[in-house]
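Numbers restart at 1 for each chain; the letters A, B, ... are given by sequence-line order, proteins then strands.
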Number of protein chains: 2
Amino acid sequence: MARSPQKKTSAPASGNAVTADLVAVLVAVTDGTPKIMTIAGGSALPSGPFEFTHRSLQTALRAWVEAQTGHPLGYVEQLYTFADRGRSGDARSPHSVSISYLGLTREDRVGEGFEAHWSGWYDYFPWEDHRDGAPAFIAKTIAPKLKTWAKAAPSPTLQRERWQRCAITFGLDDRDWNEELVLQRYELLWEASLIPEANHSRGREASVVPGKPMTADHRRILATGIARLRAKIKYRPVVFELMPAEFTLLQLQRSVEALAGRLVHKQNFRRLIEQQELVEETGAMAADTVGRPAKLFRFRHAVLAERAVAGTKLPLSRT
Amino acid sequence: MARSPQKKTSAPASGNAVTADLVAVLVAVTDGTPKIMTIAGGSALPSGPFEFTHRSLQTALRAWVEAQTGHPLGYVEQLYTFADRGRSGDARSPHSVSISYLGLTREDRVGEGFEAHWSGWYDYFPWEDHRDGAPAFIAKTIAPKLKTWAKAAPSPTLQRERWQRCAITFGLDDRDWNEELVLQRYELLWEASLIPEANHSRGREASVVPGKPMTADHRRILATGIARLRAKIKYRPVVFELMPAEFTLLQLQRSVEALAGRLVHKQNFRRLIEQQELVEETGAMAADTVGRPAKLFRFRHAVLAERAVAGTKLPLSRT
DNA sequence: CCATCTTATGCTCACGGAGAGTATAAATGG
DNA sequence: CCATTTATACTCTCCGTGAGCATAAGATGG
């Protein structure tokens with residue numbers, strides 16, 4: 001970084017010039033399946049060079065997505081910025097800075113005739129879907145391979161630490177599954193060389209763990225996005241960005257479950273939603289359903305103005 | 001942004017080249033005062049061009065800080081990336097991308113003879129310190145000015161919305177103070193032109209609200225860092241990065257209070273710390289104290305390996 | 001028409017965490 | 001010895017949350 005702080009309003013780019021890329025994790029939920037927008041046959045996230053004709057990064061991303069989908073992007077949040085020195089390893093290739101964003105939409109909003117597709121995100125992270133319990137291949141395939149990797153550590157202490165890390169992130173040894181550790185799990189599998197992208201020497205030692213790979217570090221970026229979203233839905237009403245204008249409480253629940261990758265207690269879910277006054281009845285009832293018909297609800301946009309957003313966990317004094 | 005996703009491994013920079021800057025919010029807590037590292041007489045955060053000789057942004061930041069302070073940087077976290085088209089407004093000046101980081105250290109680790117200084121962060125955000133109750137000037141100065149600003153909105157509805165926003169972020173009208181809304185408060189004051197930095201036409205209409213200004217958007221970046229840190233200390237044991245090797249529970253509590261800007265219930269704070277097994281006794285007692293001497297504790301680094309980190313708020317099913 | 005299935009919706013219970021207060025112990029300086 | 005300051009141990013009360021029971025309201029098949 002800097003030589004000296006004084007030089008911060010620094011000299012024009014010389015050897016210092018880079019290119020800026022945007023990478024987008026665009027999420028939608030359709031029929032209980034979380035999907036992401038992909039290009040290149042599902043092997044990459046939509047991305048492209050940043051055009052400085054826009055006022056801010058956020059504006060640039062919105063403009064681009066709207067051009068692609070024909071509809072405004074509901075919720076946008078910056079994820080992370082990566083810097084590569086010469087992405088391809090070629091020393092002369094330009095340095096690049098990749099700025100990644102998370103965006104929430106609805107699949108049906110996307111116009112036809114684009115090269116982009118929607119892919120289920122569990123295609124890329126099959127071990128993340130615990131809605132029907134932990135996938136069998138975690139115990140059958142992943143856990144043994146991780147154990148082997150842990151045992152390959154040089155010292156017994158390091159072996160224990162490695163395995164403890166595996167057990168925590170994957171909920172092994174009777175630990176609870178923590179759905180938010182998406183990135184940690186991906187990084188662990190990467191370190192253990194169980195991810196195709198990790199084997200730099202041109203994809204031999206092919207996919208040792210199920211899950212579709214992606215270009216460069218796109219799957220890591222996706223993991224970051226999923227983790228962020230799974231954390232966010234717990235303290236911010238962002239799920240509604242993924243819902244149609246009217247929905248039943250079960251549909252809402254299914255969307256949350258799709259994102260979280262685990263099931264939710266129905267009655268408690270409803271209690272939570274209603275006591276927070278997040279929704280209001282439309283008066284209409286859902287049609288075409290099995291079982292007792294459900295009321296239709298809509299999101300109360302007013303709550304966004306009414307309430308602040310943060311949570312607390314300190315033993316605060318009210319005095 | 002992108003014209004077409006296909007072009008993502010895009011052409012070398014032409015009109016697209018930018019410079020990459022790092023901006024650091026380096027925090028320490030000394031004697032119950034949260035401090036940040038500043039340069040230029042306290043009017044700017046340390047920053048400088050990113051050198052692509054490093055493997056990653058994080059590495060670059062660490063290396064730079066270690067060169068400055070002579071000690072490793074405990075905790076580092078990326079904050080946000082901003083893009084400006086021509087920072088100075090000069091259309092021909094290079095576009096820049098500023099990547100900001102939050103870092104935690106201890107003041108005494110910094111070597112002497114550097115141009116950097118430590119400034120109390122409440123010098124820049126005096127309205128954020130509620131340890132002795134809400135500062136009087138919030139009710140006396142800020143609230144009335146915000147009321148005026150709210151009333152200046154075109155329609156009655158907008159006026160009410162504006163005021164509601166003010167009341168929420170500043171805890172007015174008998175609302176609770178939410179210490180995490182640091183950025184929201186800064187942005188609100190900015191919008192209401194109560195912040196010198198907001199008055200683009202060369203600092204007339206000088207500081208209408210107490211608090212030291214900063215260069216460019218540095219105070220906004222600092223607000224982002226404070227907000228992030230205030231949120232983080234509640235669910236991650238990062239305070240310990242700011243503590244000496246051994247400390248009393250009261251010292252620990254004072255540090256948390258310094259960061260949060262509000263007081264904490266002593267007994268409950270201890271209960272929380274101890275039941276989470278975050279610390280262990282050193283056996284020694286604190287010297288040079290008034291009142292009954294306190295036990296000295298040290299951070300149990302093992303907890304970082306033992307436990308995962310995330311929290312939950314969904315009505316999950318355990319079955 | 002009834003039995004059964006499915007989903008919707010209302011209500012209760014138990015447990016644990018968090019805010020708050022009381023009480024006692026151990027040091028210091030007059 | 002007493003006032004003061006800080007340390008430390010308990011207790012009490014709410015309330016949020018996980019969990020389960022019970023009932024309602026529709027469809028479907030015999």
Listed nucleotide nearest any side-chain atom of B:A294, set D:dG26, D:dT8, C:dA8: D:dT8
Please figure out whether A:G291 or A:E274 has its closest DNA chain C nucleotide nearer the 5' end. A:G291
Distance check needed: C:dG19 P versus B:L263 CG, whole Å only. 14 Å
Any side-chain donor near an acceptor of the partner, A:Q78 and A:Y101, under 3.5 Å: yes
Picking from D:dT5, C:dC13, C:dT7, which would you name as closest to the side chain of B:V290? D:dT5
When the distance from CZ of A:R292 to P of C:dT4 is rounded to whole Å, what number comes out? 21 Å
Which nucleotide in C:dA18, D:dT6, D:dG18 has an atom nearest any side-chain atom of B:Q275: C:dA18
Value in whole Å for how far the P atom of D:dT6 lies from CZ of B:F269: 16 Å
Is it true that the side chains of A:E107 and A:T30 contain a donor and an acceptor less than 3.5 Å apart? yes
Should the side chain of A:R271 and the base of D:dG16 be counted as holding a donor-acceptor pair, with the cut-off at 3.5 Å? no
What is the distance from CD of A:Q276 to P of D:dG16, rounded to the nearest Å? 11 Å
Looking at C:dT7, I'd like to know if its phosphate oxygens (OP1 or OP2) sit under 4.0 Å from a side-chain N or O belonging to A:K266. no
I need the CD-P distance between A:E281 and C:dA8, as an integer number of Å. 14 Å
Can you tell me the distance, in whole Å, between the CE atom of B:M285 and the C1' atom of C:dA25? 11 Å
Does B:W177 have B:R131 sitting over its ring (NZ/CZ under 6.0 Å from centre, angle to axis within 45°)? no
Taking only the side-chain heavy atoms of A:H265 (C-beta and beyond), determine which of D:dT17, D:dA19, D:dT6 contains the nearest atom. D:dA19
Could you check whether A:L250 gets within reach of a base, just the sugar-phosphate, or nothing at all, counting any heavy atom under 4.0 Å? sugar-phosphate
Looking at C:dT9, D:dA19, C:dA26, which one has an atom nearest to any side-chain atom of A:K295? C:dT9
Spacing between B:L249 atom CG and D:dA9 atom P, to the nearest angstrom: 10 Å
Residue B:R270, side-chain heavy atoms: nucleotide from C:dA20, C:dC13, D:dT8 that is nearest: D:dT8
Quick check with a 6.0 Å cut-off and a 45 degree axis cone: is B:K35 positioned over the face of B:W121's six-membered ring? no
State whether a side-chain donor-acceptor pair under 3.5 Å links B:Q184 with B:Y186. no
For the side chain of A:Q267, counting heavy atoms from C-beta on, which of D:dA22, D:dT11, C:dT22 is nearest? D:dA22
For atom CG of B:L252 and atom P of D:dT8, their distance in whole Å: 13 Å
